[in-house]
**Student:** 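Please read through the structure below; I'll follow up with questions.
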Amino acid sequence: MNLELGGQRVVVVGGARGLGHAIATAFAAEDAHVVLLDVSPETLAAADKLGGKGYVVDVTDYASVKATAEAISAAGHRVDHVVFAAGIGSGQFGFPFWKVDPGAWAHVLNVNLIGAVNVAHGFAPAMAESRRGTLLFLASVAGQIGSQTDPPYSASKAGLINFTQCAAKDLAPYNVRVNALNPGMVKTPLNRAVWQAWADGQPREKRMEYDDWAAEKIAKLVPMNRWQTPEDVAAMAVFLASARAANITGQTINVDGGYVMHS
């Protein structure tokens, strides 16, 4: 499908790997110009493979994010779309929440929520000035259901969904759309890390291999009884940036096989 994104510039934050990289790849397939921002040293090579440009940036460092946004603009490149796909978990398993060290909360919130705020501050003003563009924040079904698996992660994603709504209201008069995208069960390093944190806390006789643990969880929670793929998530991200989604803003869109159903 030609979504008429050719020639448009897309900044994918957290684009060196995982869901962010799948999204960047989908935009590149639409002939968009892709710019990757990521804390990983793999960023430059990943961007080069997509025919784009990469910047090694820590989203918790607002000065660095702002400088990068200004550098892109100074090069004469207008940014049409920004996707925030950076995210981390605490590396600890809840059930109940006090099993997670309170000290783990700050870093998760700083990356997943404040990082998104930093990116929005860095790029949104220029979009408002040009009166066009989209922002997309990758949240999670965990932010909708109060997942006990990783309470800091869950809370950070709930905050991100709320910030999406605030930003959408502020930017709507400037013709800039803002949405949140919630993946469900996707095989990513973050998903596997959740399993590892769970497994590490189990007695030996109750431990399960990753695939068995995930299959049981999917059967229990996902009506379509299957994994979601990075490509599923990327397809929705690309659609939401396109003119075909021109009247969609302030929404939380789930790609989760029916995990969360809401009116």
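Please read these numbers as outputs of a predicted model, since none were measured by experiment.
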**Student:** With Lys53 as the cation and Tyr55 as the aromatic partner, state whether NZ or CZ is under 6.0 Å from the six-membered ring centre and within 45° of the axis.
**Tutor:** yes
**Student:** Among all residues two or more places apart in sequence or in another chain, which pass the ring pair (Phe, Tyr, Trp, His ring centres under 6.0 Å) test with Phe137?
**Tutor:** Phe163
**Student:** Quick check: does any side chain N or O of Asn175 sit under 3.5 Å from a backbone N or O of Arg131, one acting as donor and the other as acceptor?
**Tutor:** yes
**Student:** Check whether any side-chain N or O of Glu216 sits under 3.5 Å from a backbone N or O of Ala214 as a donor-acceptor pair, and report yes or no.
**Tutor:** no
**Student:** Would the distance check show the side chain of Arg177 and the main-chain N or O of Leu240 forming a donor-acceptor pair, the cut-off being under 3.5 Å?
**Tutor:** yes
**Student:** Are Tyr174 and Val11 linked, directly or through intermediate hydrophobic residues, by side-chain heavy-atom contacts shorter than 4.5 Å (ILVMFWY only)?
**Tutor:** yes
**Student:** Any pair with a residue in residues 38-51 that passes side chain to side chain donor-acceptor pair (under 3.5 Å), sequence neighbours left out, goes on the list, sorted by first then second residue, please.
**Tutor:** none
**Student:** Same hydrophobic cluster for Val141 and Trp195, using side-chain heavy-atom links shorter than 4.5 Å among ILVMFWY?
**Tutor:** yes
**Student:** Between Asn182 and Gln144, do the side chains contain an N or O donor and an N or O acceptor separated by less than 3.5 Å?
**Tutor:** yes
**Student:** NZ/Lys217 to OG1/Thr149 distance, rounded to the nearest 0.5 angstrom?
**Tutor:** 4.0 Å
**Student:** Just verifying a value: how many Å separate Leu5 CG and Phe239 CZ, rounded to the nearest 0.5 Å?
**Tutor:** 11.0 Å
**Student:** Could you tell me whether the side chain of Asp256 and the main chain of Val260 form a donor-acceptor pair under 3.5 Å?
**Tutor:** yes
**Student:** More than 12 heavy atoms of other residues, nucleotides or ligands under 6.0 Å from CZ of Arg207: yes or no?
**Tutor:** yes
**Student:** What's the separation between atom CG in Leu3 and atom CZ in Arg244, rounded to the nearest 0.5 Å?
**Tutor:** 5.5 Å
**Student:** Quick check: do Ile23 and Val238 have side-chain heavy atoms less than 4.5 Å from each other?
**Tutor:** no
**Student:** To the nearest 0.5 Å, what is the distance between CD on Gln165 and CD on Gln251?
**Tutor:** 8.0 Å
**Student:** Run the side-chain contact (heavy atoms from CB on, under 4.5 Å) check on Val35 and Leu37 step by step: do they pass?
**Tutor:** CA-CA 7 Å; Val35 180; Leu37 274 61; 3.9 Å; yes
**Student:** At what distance, to the nearest 0.5 angstrom, does OG of Ser156 lie from CH2 of Trp105?
**Tutor:** 8.5 Å
**Student:** When you group the ILVMFWY residues by side-chain heavy-atom contacts below 4.5 Å and let the links chain together, are Leu113 and Val100 in the same group?
**Tutor:** no
